[in-house]
Structure formats: structure tokens, C-alpha cells
Amino acid sequence: MRERHLYAEPYRVKMVERIKQKSFDERKKLISEAHYNIFNLRAEDVYIDLLTDSGTSAMSANQWSGLMIGDESYAGCANYFNLQQAVKDIIGYNFVVPTHQGRAAENILMSMFLKEGQTVPGNMHFDTTEGHIRMRRSSPLNLVIDEGLDTAFDHPFKGNINLGRLEELLKNSMGKIPMLIMTVTCNSNGGQPVSMDNIRSAYELTRKYKVPMFIDAARFAENCYFIKQRDPAYSGKSIRHIAREMFSYADGCTMSAKKDALVNIGGFLAFKDNEEWYEKAVQIQICYEGFRTYGGLAGRDLEAVARGLYEGTEEDYLEDRIGQVHYLGQKLIKMGVPLQIPLGGHGIFIDVTKFLPDMPRAELPGQALVKELYLEAGIRAIELGTCAFGYRCPETGNEVYPPQELLRLAIPRRVYSDRHMDIVAQALSAIAGRKDKIRGLKMVYQAEIMRHFTARFEPI
Ligand code: F0G
């Protein structure tokens, strides 16, 4: 990676959006009124919003101008063909089914392949993917390598799947595995990349056992960037070359264009060459999304996705984007904040059990740190720990804890400056200095599924 002080962002700013930092007293009142759940805050009350990198990108002048040539014809709009061409150029697939966002593509894919009582393996499924699998009374199975779950373990490709376990599964449960899903980068353990070798080997296994393989491509360009950085065999290859090779090792992909295609809404499902699958997908698309050439999106949105696919795979853009995430990460590492290392693609993941070692998990340390970041500087982060992934056992009423207690600082693309990142680091430094005074939280309301979106908390 280039030295950060030798270059600046490969863009200049044409339009700004005003943000304001509320006073400490206002923040204290607002977070209490939100029942200490940051999903209940109004965005205008947040100073630096690191809740997600999804749909929060700043579009380019090129994308905005594309909106003006949106062809809003019901059938056969010009922008659909532009998207089709972009998918062919960047991903190398022949068939594309536009959808309103990534989870809609997952819905179509699962409707096509999944039957009750099956198991869907993957390196690590995103939670909407898990939701689609569970809704069909089947089981998601995460087979990420053990190193991927140890935040302190240094490994260049912590998103890799355990190939031994995958083969064992494919060998022993013939007919019960409808597909394999490889998520690149692997969001759930810190935007960790998957190596080309691992993707190729996983694909070879699926060929051998005649199971289709799909890539969850939300952050595919960031994954390609890491392959270039961390695998010497690819250091001289372009991102687009790497992307074409990576996608050649799968039968299709789902895409949330809200990440690496740099748009605020949009997604698609794509197949390499299977026309029969494509026609089947279109049947479901028409029921849930819309006609095959728009799939739940306006023509203008299709155009922004098409243009975003090219921009998101530009090398200097990726260098700047990942460079900014790592700029923040390096600062935090120097301060001694325990993070998932090596640093991933779309955000910084703090290991909260190590950051607040004295707070029992029953006092929800991840959520407590989210609260402190808002109180300290108006920063909005998200807990990926007990609230998001734990649950209350219906039989015993006891809390079941997930393996990790992480806090994610997801960095939107092309939105904040390094000075905003400095503020985030300063806020965490201040919080680290008063760790022993931080109070935990208790959950006083929780929904049955996806409780973190609506839960209410009170300070202990
Ligand atoms: N796959 C991955 C790996 C994701 O991270 C997401 C969304 C989806 C699929 C679903 O896509 O939101 O367009 O329907 N991740 C967001 C996040 C919400 O904050 O990480 P979607």
C-alpha cells in the first residue's frame, strides 16, 4: 500500500452535506430517549455515522449524471442493457436478474434451490442469508477456518472456508446440500478476505460433489484488492483481472450493490451460463421484484449500479478506500485498542471482551461501548455481539452467548475524511481512559427475532 502522506483522495468534493455535533447534554438526553438503542436515533442527531457501509456511499458526478438518462420504460429499458454489459465486463456472467437489494437476490436464489430440512454451508453467512435459510426450515452452517474467529491471530485470509470440513460435509450428506455460499469479503468476522486458492478449491469440491456454488459478492472488489495485496501471485494483476478469475470459480452470485457498486439502493442475482436457472429466477423475480429488465429498481438506479461496478473496481479508488479504513485501524492499534487483525475491508472490529475485560457479558459490554461512543462524540457504531447474535433460550430462559463480542465501525465509501477518522480515534482514546467508570446495560425489551433492531435497554 502506498504511504498515506504521499497521496490524497482520488476525487474532489463537488457537494457537501451539513452535519452537526450535538452537545454532550443533548446526546445524553437523546440516547436515553432512544432507550440506549442507536437504531432509534434520528440520523440528524448523529455526527459521524458508522452504523453501516451499506447504501451510504457518496455517488460520483458520473453516477449522478447517469440518473438523468434513466429510461423508465416498463420493459427493455436501456439502463438494463448497460447493467448487463457491466456484469459481463466486470464479473463475466451472462445472465443478470436485477433486484431492489442484496437480500431480494438471496430470496430468489433460496426459493429456487432450497427445500425444508437441508443444510447450506458457507464460510460465514450474513444474517439476512441466514434468515432466508432458517425461514425455509433449513440450517445455515458456517465453516470459516478457526483462525478467522481468533481476533489476535494474524492470517492473511481469515475469511477462508475450512476445506477439510467442507469436503467431509459434501461427502456425507449427499442430496442434503443444495448449494455452497462463499461470502467475499466475509462481513461477519471483520470484512476478512477469502484467498483465490480457497475459492478455487471450494469450487473444485462443489464440482466433484455436483453442488452449485454461489458467491455473496457484496464486497467483491475489496476482496480482490486484498488478493492483490496479500497473494504474491496476483501482485501484478489488475483488480478486474482478479475479479474475472474469482467469479469464474462459481456458478453465480448474489450482489448487494449498496456496498461495492457504490449506490444507495440496488442489487442483483447473476448466473454464469445456466439459462434454465435464469428463466426460473425470472419467474420468482416477476412475483416479488418486477419485470426482468427492472427488478424493483427505477431505470436510473440500474444506471447508477452499472456505472458503480466500474468505479468500484478502480484501483486508486480501492487503495484510498481500504487505506482510510486502515488509517483508522493503525491509529487504534497504536493506542492499544484490541481489534480483529489483520485489518479488514469495510470497517474496524473492536474485540470488546478485551477492551472492557472487567464487564461481564451479562452487562452487554458491546452495547455499552456503542452507548459510550455516542455520548463521547456523537459517533454511531454497531454491536455485533450478544444483542445481535445471542438469544434467550426458550426452554431455560438463559442467555446464549455468541463466540465473539465485537463492535463494528463500518466506514461509508467516499463520505468521511481522515479528520473524521481522527475524531473516532480520539473518542476511543478518551473512553479507554475512563474504562472503569463505564456502566453496563440490561435489556428490558426484546423481540423474538433480530432483537438488536428494536431492543430497549437501561443502564445498570
Ligand atoms: N450479504 C452481505 C455480506 C451483507 O453484508 C449484506 C448487508 C447483505 C448480503 C444483504 O444486502 O442489505 O442489500 O439486502 N449488509 C449490511 C451491513 C446491511 O450493514 O453489513 P442488502
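Counting starts at 1 for both ligands and their atoms, following the listed order.
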Ligand-protein N/O pairs under 3.5 Å (ligand 1):
unit_1	atom_1	unit_2	atom_2	d
ligand 1	1 (N)	Asp216	OD1	3.3
ligand 1	1 (N)	Asp216	OD2	2.6
ligand 1	5 (O)	Asn187	ND2	2.9
ligand 1	5 (O)	Arg219	NH1	2.9
ligand 1	11 (O)	Ser256	OG	3.4
ligand 1	11 (O)	Lys259	NZ	3.4
ligand 1	12 (O)	Gln101	NE2	3.4
ligand 1	12 (O)	Arg103	NH2	2.8
ligand 1	13 (O)	Gly102	N	2.9
ligand 1	13 (O)	Ser256	OG	2.7
ligand 1	14 (O)	Gln101	NE2	2.8
ligand 1	14 (O)	Gly102	N	3.4
ligand 1	14 (O)	Arg103	N	2.8
ligand 1	14 (O)	Arg103	NE	2.6
ligand 1	15 (N)	Lys259	NZ	2.9
ligand 1	19 (O)	Thr52	OG1	2.7
ligand 1	19 (O)	Arg408	NH2	2.8
ligand 1	20 (O)	Asn187	ND2	2.9
ligand 1	20 (O)	Arg219	NH2	3.3
ligand 1	20 (O)	Arg408	NH1	3.0

- For Ser111, all residues meeting side chain to side chain donor-acceptor pair (under 3.5 Å), sequence neighbours excluded: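 Arg136.
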
- Least distance between heavy atoms, Glu311 atom then Ser60 atom: OE2-OG, 2.6 Å

- Task: Using side chain to side chain contact (heavy atoms under 4.5 Å, CB included) as the criterion, point out the one residue from Met179, Arg207, Met182, Glu204 that pairs with Met213.
- Result: Met182

- Item | Pair Tyr278 and Phe271, ring centroids less than 6.0 Å apart | no

- Item | Presence of salt bridge, Lys259 and Asp53, under 4.0 angstrom |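 Result for this pair is no, no salt bridge flagged.
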
- In plain terms, say whether Asp320 and Arg414 are close enough for a salt bridge, that is, a side-chain N and a carboxylate O under 4.0 Å apart. no

